Amino acid sequence: MSFENLGLAPALLRALVEQGYSEPTPVQMQAIPVALAGHDLLAGAQTGTGKTAAFALPLLDHLYVSKRGQAQPKTPRALVLTPTRELAAQVHDSIRGYGKHVGARATTIFGGVGMQPQVDALRRGVEIVVATPGRLMDHMERRSVNLSNIEILILDEADRMLDMGFLPAIKRIVNRVPKERQTLLFSATFEDQIKSLAMEFMRNPQQVQVNARNTIAE
């Protein structure tokens with residue numbers, strides 16, 4: 001199985017080759033076709049399994065290939081929520097790398113740094129926002145971010161976000177994005193809280209699991 005078999009656009013395949021990726025990991029093989037087909041997805045995958053590419057590649061395909069130019073170009077069309085600023089920065093770097101040949105415009109929003117550069121980036125116009133829930137809430141309260149055109153919502157490491165107490169923030173954020181959207185949720189475990197979150201926010205999600213149930217990577 002190669003990335004070509006998954007149905008990704010040539011511009012994305014080119015970026016993968018340049019980064020030295022030849023074969024998809026199990027989570028990528030299972031998740032990418034489901035996401036490309038537009039389904040909601042509940043994916044059991046840990047850090048180190050290649051899960052970032054499993055959501056970043058379909059996201060880029062959707063925004064820049066399948067639906068090019070259909071939404072307001074300056075408003076975010078995809079939102080990735082992550083538990084920490086370190087993960088947000090990593091995801092942002094990955095999206096920029098995979099999307100280098102499609103002109104991907106992305107920015108990060110997280111705490112511990114000044115808000116004004118983030119406000120300026122949002123004003124200039126981006127299509128992908130990678131954010132931690134707390135700082136995104138700050139921007140929502142200041143009305144410096146517009147989530148009304150989000151087409152894809154991704155919850156990355158959802159179990160960690162819940163462990164860190166972000167559930168109320170996640171619920172408020174999800175209530176501000178359009179109901180007609182695609183939602184992809186990635187979690188190392190599928191505890192009851194994750195399942196209830198999926199039932200509340202997702203539409204008939206397809207489920208993929210690439211690690212033994214409720215195990216933690218050594």
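These figures come from a predicted structure and were not determined experimentally.
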When you check the gap from the basic side-chain N to the acidic O, do Asp93 and Arg96 get nearer than 4.0 Å? no

Keeping Arg123 on the side-chain end and Gln118 on the backbone end, is there a donor-acceptor pair under 3.5 Å? no

Any side-chain heavy atom of Glu151 within less than 4.5 Å of one from Glu180? no

Should Leu41 and Phe186 be marked as a side chain to side chain contact (heavy atoms under 4.5 Å, CB included) after you check the CA-CA gap, both sets of side-chain angles, and the distance that decides it? CA-CA 8 Å; Leu41 174 68; Phe186 286 75; 4.1 Å; yes

For the CE atom of Met161 and the CD atom of Glu157, what is their distance to the nearest 0.5 Å? 8.5 Å

Short side-chain to backbone donor-acceptor contact, Thr132 and Gly134, under 3.5 Å: no

Could you go step by step and tell me if Val34 and Leu184 meet the side chain to side chain contact (heavy atoms under 4.5 Å, CB included) rule? CA-CA 10 Å; Val34 173; Leu184 311 178; over 6 Å; no

So, do Phe3 and Val17 sit near enough that their side-chain heavy atoms are less than 4.5 Å apart? no

Leu136 and Ile173: side chain to side chain contact (heavy atoms under 4.5 Å, CB included), yes or no, with the steps? CA-CA 8 Å; Leu136 183 60; Ile173 291 163; 3.8 Å; yes

Is there a path from Val119 to Val129 through hydrophobic residues (I, L, V, M, F, W, Y) whose side chains come within less than 4.5 Å of each other? no

Does the Asp61 side chain pair with the main chain of Leu57, one donor and one acceptor, at a distance under 3.5 Å? no

Is the side chain of Ser187 donor-acceptor paired with the backbone N or O of Phe190 at a distance under 3.5 Å, no angle test? no

Output, in order, the C-alpha distance, side-chain angles, deciding distance and verdict of salt bridge (Lys or Arg N to Asp or Glu O under 4.0 Å) for Arg135 and Asp138. CA-CA 5 Å; Arg135 177 53 68 94; Asp138 294 341; 3.7 Å; yes

Donor-acceptor check, side chain of His62 to backbone of Leu36, threshold 3.5 angstrom: yes or no? no

Val174 and side-chain contact (heavy atoms from CB on, under 4.5 Å): which partner among Lys179, Glu200, Arg181, Met202? Arg181

With rounding to the nearest 0.5 Å, note down the distance linking CG in Leu81 to CD1 in Ile109. 10.0 Å

I'd like to know if the side chain of Gln182 and the backbone of Ala35 have a donor-acceptor N/O pair within less than 3.5 Å. yes

Please check if the number of heavy atoms outside Arg172 that lie under 6.0 Å from its CZ is greater than 12. no

State, yes or no, whether a side-chain contact exists between Lys51 and Gln46 at a heavy-atom distance under 4.5 Å. no

Side-chain contact test, heavy atoms from C-beta onward, threshold under 4.5 Å: evaluate it for Arg77 versus Ile128 and give yes or no. no

Euclidean distance, Leu155 CG relative to Leu79 CG, rounded to 0.5 Å: 8.0 Å

Please tell me whether Ser144 and His139 have a donor and an acceptor in their side chains that are separated by less than 3.5 angstrom. yes

Heavy atoms only: give me the nearest Ile194-Thr189 pair and the separation to one decimal. CG1-O, 3.8 Å

Between Val113 and Arg85, does the side chain to side chain contact (heavy atoms under 4.5 Å, CB included) criterion hold? Intermediate values first, please. CA-CA 10 Å; Val113 295; Arg85 55 185 287 182; 3.7 Å; yes

So do Leu12 and His101 actually touch side chain to side chain, heavy atoms under 4.5 Å? no

Counterpart residues, ring pair (Phe, Tyr, Trp, His ring centres under 6.0 Å), relative to Tyr98 (two or more places apart): none

Taking all non-hydrogen atoms of both residues into account, name the closest pair between Pro76 and Ile150 and its distance. O-CD1, 3.5 Å

Rounded at 0.5 Å granularity, tell me how far CG in Leu153 sits from OG1 in Thr183. 5.0 Å

Kindly give the heavy-atom pair with the smallest separation between Ala54 and Val27, and that separation in Å. CB-O, 4.2 Å

Taking all atoms of both residues into account, what is the closest heavy-atom pair of Gln28 and Glu23, and its distance? OE1-O, 4.5 Å

Gln19 side chain to Gly97 main-chain N or O, any donor-acceptor pair under 3.5 Å? yes

Taking all atoms of both residues into account, what is the closest heavy-atom pair of Met29 and Pro24, and its distance? CG-CG, 3.6 Å

Quick one: are Leu122 and Asn146 in side-chain contact, heavy atoms under 4.5 Å? no

Test item: Leu42 and Gln209 side chains (from C-beta on) under 4.5 Å apart, heavy atoms: no

Hey, is the main chain of Val91 close enough, under 3.5 Å, to the side chain of Thr52 for a donor-acceptor pair? no

Smallest separation among heavy atoms of Leu8 and Pro58, with atom names: CD2-N, 4.5 Å

Would the distance check show the side chain of Asn149 and the main-chain N or O of Thr75 forming a donor-acceptor pair, the cut-off being under 3.5 Å? no

Can a salt bridge be assigned to the pair Glu18 and Arg14 using a cut-off of 4.0 Å between side-chain N and carboxylate O? yes

Inter-residue atom distance Asn175.CG - Lys171.NZ, 0.5 Å rounding: 9.0 Å

Nearest 0.5 angstrom please: Gln207 CD to Leu185 CG, how far? 10.0 Å

Give a yes or no on whether Val130 and Phe110 share a hydrophobic cluster (residues Ile, Leu, Val, Met, Phe, Trp, Tyr; joining criterion: side-chain heavy atoms under 4.5 Å apart). no

Any donor and acceptor pair, going by atom type alone, linking the side chain of Thr49 with main-chain N or O of Ala45 inside 3.5 Å? no

